[in-house]
Amino acid sequence: MNILHIVGARPNFMKAAPVIRALEADRHRQTLVHTGQHYDFDMSDVFFRELGLPPADLNLEVGSGSHARQTAEVMLRMEPVLLERPPDLVMVYGDVNSTLAAALVCSKLGVRVAHVEAGLRSFDRTMPEEINRVLTDQVSDFLFTHSQEAGDNLQREGIAAGKVHLVGNVMIDTLVQLLPKASGCVPSGLPDRYVLVTLHRPGNVDDPIFISQIFSVLNEFSRRIPVIFPMHPRTRQRILREQIPSSLNGSFYLLDPLPYLSFLALQRRAFLVVTDSGGVQEETTFLGIPCLTVRENTERPVTVTLGTNTVVGRNTSRLVAEMEKVLSGQQKQGQTPPLWDGHAAQRIAIVLR
Ligand code: UD1
């Protein structure tokens with residue numbers, strides 16, 4: 001088959017890498033298109049290198065913009081590519097704007113779409129990713145899910161059961177493959193015992209009152225246990241505007257976005273992770289590290305029911321209470337969800353075969 005993969009943003013890269021590798025064995029003709037949604041070296045290029053992704057055959061260079069502009073630019077620039085040499089199948093990953101934009105163009109041109117990480121639902125339509133998930137799933141022909149709940153969501157939305165394939169978690173494939181290499185990539189100059197923090201959702205960081213409150217809570221904790229915070233560019237812009245960095249004490253480490261291996265190394269050794277990311281909730285569950293999610297909901301409920309994740313909401317008092325619990329040794333114990341075993345991409349290859 002002639003298979004075209006679309007990636008655009010940081011969380012796509014670690015999902016596409018194992019799938020491309022697994023499909024190589026079946027001698028498909030594969031093309032990789034980067035939409036350019038993420039374009040900074042440390043949000044994109046370094047991931048290609050560390051994940052062993054081949055260089056993109058084409059970069060659409062859409063860059064940043066409003067949701068409408070970014071989505072529309074991907075669609076406009078994608079259409080001629082598909083018309084020139086229509087593939088047999090386009091594979092899209094996750095829930096970013098590039099995912100939905102590419103899926104829409106394909107569906108209008110009659111090109112079959114496979115969605116990797118289908119069926120996740122937060123049931124919160126104020127999240128742009130939720131719109132991207134629901135609509136991408138509606139126009140996909142192959143829906144690859146990572147948990148039973150994801151399949152149940154798709155069934156409720158009337159997606160034919162024959163299109164849905166429970167294969168497991170491709171992001172965990174990457175983690176399993178690279179974990180041994182990550183142990184040599186711990187960034188230098190950092191403490192051994194720490195809380196690792198990532199926050200980048202517009203719902204959190206674009207709210208000046210909330211972002212100030214959360215930094216004040218974390219700053220207070222950093223007097224007892226160091227806090228390491230690698231920052232997404234959006235978060236950096238917001239905290240500079242609020243002049244937050246000057247108020248932080250010496251055990252609060254603000255870092256640039258980290259490459260995959262360094263961030264994995266930090267997650268593995270963390271005492272606790274505080275996040276609003278989707279992928280980090282899953283990675284901590286696999287690693288058995290306690291995770292507190294600063295959001296009102298999660299599209300990954302298996303990380304709460306089986307894993308080490310606790311959803312604390314956008315509620316700093318609850319965050320403080322849960323952090324105290326972990327610091328006093330009462331952390332949540334978890335187990336690895338079924339099929340998060342490092343072989344999800346191989347199962348995708350078998351389905352496509
Ligand atoms: C996107 C995804 C989000 C994912 C996140 C991971 C959507 C709707 N959101 O959010 O689901 O969790 O990626 O990182 O697709 N910027 C840079 N350099 C870059 C990229 C972005 O400086 O390489 C800055 C720009 O100011 C930009 C802002 O970050 O306006 C937001 O980027 P954007 O791609 O719109 O969304 P993310 O917040 O990265």
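Order of appearance sets the numbers: ligands from 1, and atoms from 1 within every ligand.
Listed by number with element, the atoms of ligand 1 under 4.0 angstrom from any heavy atom of Q70 are 34 (O), 35 (O). Close approach of ligand 1 to R10 (heavy-atom distance below 4.0 Å) involves ligand atoms 14 (O). Interface atoms of ligand 1 facing R234, defined by a heavy-atom separation under 4.0 Å, are 31 (C), 38 (O). Within ligand 1, the atoms closer than 4.0 Å to a non-hydrogen atom of Q237 are 26 (O), numbered from 1 in the order shown.
With hydrogens left out, the protein atom closest to atom 24 (C) of ligand 1 is P233 CB, 3.9 Å, a heavy atom. Ranking protein heavy atoms by distance to atom 17 (C) of ligand 1, first place goes to Y39 OH, 3.3 Å. Nearest non-hydrogen protein atom to atom 34 (O) of ligand 1 is Q37 NE2, 3.2 Å. In this structure, the protein non-hydrogen atom closest to atom 14 (O) of ligand 1 is H38 CE1, 3.1 Å. Nearest protein neighbour of atom 2 (C) of ligand 1, counting heavy atoms only, is V96 CG1, 3.7 Å. Scanning the protein for heavy atoms near atom 29 (O) of ligand 1, the closest one is H232 CE1, 3.6 Å. Among protein heavy atoms, atom 18 (N) of ligand 1 sits closest to D40 OD2, 2.9 Å. Among all non-hydrogen protein atoms, the one lying nearest atom 12 (O) of ligand 1 is H200 NE2, 2.8 Å.
The shortest non-hydrogen separation linking S147 to V302 is CB-CG1, 4.5 Å. Closest approach of M171 and E282 over heavy atoms only: CE-OE1, 3.3 Å. Considering every non-hydrogen atom in both S107 and L104, the closest pair reads OG-O, 2.9 Å. For Y39 against D45, the heavy-atom pair with the smallest separation is O-OD1, 4.2 Å. The minimum heavy-atom distance between L4 and M78, with the atom names listed, is CD2-CE, 4.0 Å.
Aromatic ring centres of Y253 and Y194: separated by at least 6.0 Å. Note: F13 and H34 meet the aromatic proximity criterion, with ring centroids under 6.0 Å apart.
F142 does not carry R112 over the face of its six-membered ring by the limits of under 6.0 Å from the centre and within 45° of the normal.
Looking at P11 against ligand 1, only its side chain comes within 4.0 Å, counting heavy atoms. The side chain of M43, and not its backbone, has at least one atom closer than 4.0 Å to an atom of ligand 1 (non-hydrogen atoms only; side chain from C-beta on).
Considering only non-hydrogen atoms, atom 9 (N) of ligand 1 lies nearest to E129 out of R236, E129, E130. Closest heavy-atom approach to atom 25 (C) of ligand 1 among the candidates P202, S64, S44, G279: S64.
Using bins of under 30°, 30° to 60° and over 60° for the plane-to-plane angle, the ring pair H5/Y93 lands in the parallel bin. Between F47 and Y260, the ring-plane angle classifies as perpendicular under the 30° and 60° cut-offs.
Looking at N97 next to ligand 1, an N or O pair under 3.5 Å apart turns up. Checking only distances, H67 never comes within under 3.5 Å of ligand 1, N or O to N or O.
Taken from CG in N297 to CG in D124, the straight-line distance is 4.5 Å, to the nearest 0.5 Å.
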